[in-house]
**Q** 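First the structure, which I've put down as structure tokens, then a few questions once you've had a look.
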Amino acid sequence: MKKIDISSSINGIKLSSCIMNASGVLCCTEKELSEILMSSSGAVVTKSCTMVPRKGNLEPRYFEWNIGSINSMGLPNLGIDFYLNFLDRKKPKKPFFLSISGLSIEENYQLISKANISPNINAIELNLSCPNLVEKKNQVSLGYDFEKIYDFLKNIFKFYNKPLGVKLPPYFEDFHFEKMALILNQFPICFVTCINSLPNGLFVDTNKETTVLHPKKGFGGIGGRVIKPFSLANIRKFYVSLRKDISIIGCGGICYGKDIFEHILCGASAVQVGTQFFKEGIRVFDRLKNEFISILKEKNYSSIEEFKGKLNVI
Ligand code: DHB
């Protein structure tokens, strides 16, 4: 019987499985991160961290329904020192992606400088798209501020010399895809993660006639099954417009093995699971892996390289 290999490489970072957790979900504490380390996920991604620990926004701040989730967490995390210390103590056998999300550009430089001198980090996933900060009232999220991103990346690569990926918000217009690709193609970016939650959704409780979330007047980031067409579109647009050495990590709407297949067919080299991981817990990684392998068997593929990016247009 043909052996099926679901390993992958993110610009040289080797993953034994192309399935990993999405930043933000069950990856904040020692217990949660340890559980991911022991699971069949191909890598571990941390909750986006800041310089000092944060409690995040007031509750209720997360809600899920049959096809999606809405969150306004507000970056609850234990602070970068905790995550660097965890990494140094545990010396993981799988790649460790430190997600960072400074509240300002200055804080991002501080976080990146700290990560730069940490010997065990495989890569930073720089979050350009946290949609839920009550502190940032009149500020556009960095992911939508193209001028700022260019200057920011130019400054980062003056001193930072490890692999760096960026987690992008969803884009909708061709003009924005082209503009972002033009910027990213000028820098030694290791990967892009497409996509973060769709910002500023609103879910309503019909009976109570209220929002379901408390912070930010009920508005929050939308994730889960309902956002998959947007993840696929963003993966595809960037797959065709980014330099071929920039890997794409797909994120958004992974619930079944079939979703992983679609992300990879559109051009992703690996995928992240958020809402479904929260719903199902750590077993999700084994289930998805088995379902994905079954699909490859049915289709007679033995590795992801055989179909990655090979979406046909009818
Ligand atoms: C949070 C939400 C996000 O979508 C994100 O990218 C980072 C942080 C949050 O609210 O904690």
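Scope of the values below: all heavy atoms of this structure, side chains included, with no hydrogens, waters or symmetry mates. Numbering of ligands and ligand atoms starts at 1, following listing order.
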**Q** Determine the interplanar angle of the F86 and F82 rings, folded into 0 to 90°, and report it as parallel if under 30°, tilted if 30 to 60°, perpendicular if over 60°.
**A**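 Plane angle between 30° and 60°, so tilted.
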**Q** When only distance counts, is M73 in polar contact with ligand 1, meaning an N/O pair under 3.5 Å?
**A**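 Checking ligand 1 against M73, an N or O pair does fall under 3.5 Å apart.
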**Q** Tell me: protein heavy atom nearest atom 3 (C) of ligand 1, and distance?
**A**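 The protein heavy atom lying closest is P131 CD, 3.4 Å.
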**Q** Hey, do the aromatic rings of F152 and Y109 have their centres closer than 6.0 Å?
**A** yes
**Q** Have Y62 and E64 got a donor and an acceptor in their side chains that come within less than 3.5 Å?
**A**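 Their side chains do contain a donor-acceptor pair, which is all the 3.5 Å distance test asks for.
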**Q** K158 and N155: side-chain donor and acceptor closer than 3.5 Å?
**A**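 Short answer, yes.
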**Q** Is a donor from one side chain sitting under 3.5 angstrom from an acceptor on the other, for K90 and S34?
**A** yes
**Q** Heavy-atom contact under 4.0 Å between K47 and ligand 1?
**A**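 Yes.
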**Q** Is the closest heavy-atom distance from S23 to ligand 1 below 4.0 Å?
**A**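 Not so, S23 does not reach ligand 1.
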**Q** Work out whether the distance between some heavy atom of S197 and some atom of ligand 1 is less than 4.0 Å.
**A**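 Yes.
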**Q** Tell me if the aromatic rings of F277 and F285 count as close, with their centers under 6.0 Å from one another.
**A**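 Yes: the rings meet the under 6.0 Å criterion.
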**Q** Taking only heavy atoms of P76, which atoms of ligand 1 are found under 4.0 Å from at least one of them?
**A** 11 (O)
**Q** Contact between G74 and ligand 1, counting heavy atoms under 4.0 Å?
**A**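 True for this residue.
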**Q** Aromatic rings H176 and Y171: how do their planes relate, parallel, tilted or perpendicular, breaks at 30° and 60°?
**A**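 Answer is tilted, since the angle falls between 30° and 60°.
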**Q** For N127, counting its heavy atoms only, list the atoms of ligand 1 lying under 4.0 Å from any of them.
**A** 5 (C), 6 (O), 7 (C)
**Q** Does S48, backbone or side chain, put an N or O under 3.5 Å from an N or O of ligand 1?
**A**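 No: no nitrogen or oxygen of S48 is under 3.5 Å from one in ligand 1.
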**Q** Nearest heavy atom to atom 2 (C) of ligand 1: which of L75, N77, N132 does it belong to?
**A** N132
**Q** Tell me the protein heavy atom at minimum distance from atom 4 (O) of ligand 1, and give that distance in Å.
**A**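 Result: N196 OD1, 2.8 Å.
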**Q** Tell me the contacting part of N71 for ligand 1: side chain, backbone, both, or neither, using a 4.0 Å heavy-atom threshold, strictly below.
**A** side chain
**Q** So, for F292 and F261, is the gap between ring centers shorter than 6.0 Å?
**A**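 Ring-ring flag for F292/F261: false, centres at least 6.0 Å apart.
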**Q** Less than 3.5 Å apart, any donor N or O on the side chain of S48 or N127 sitting next to an acceptor on the other?
**A**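 There is such a pair between these side chains.
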**Q** Which residue and atom name correspond to the protein heavy atom nearest atom 1 (C) of ligand 1, and how close is it?
**A**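 Protein heavy atom with the smallest distance to atom 1 (C) of ligand 1: C130 SG, 3.5 Å.
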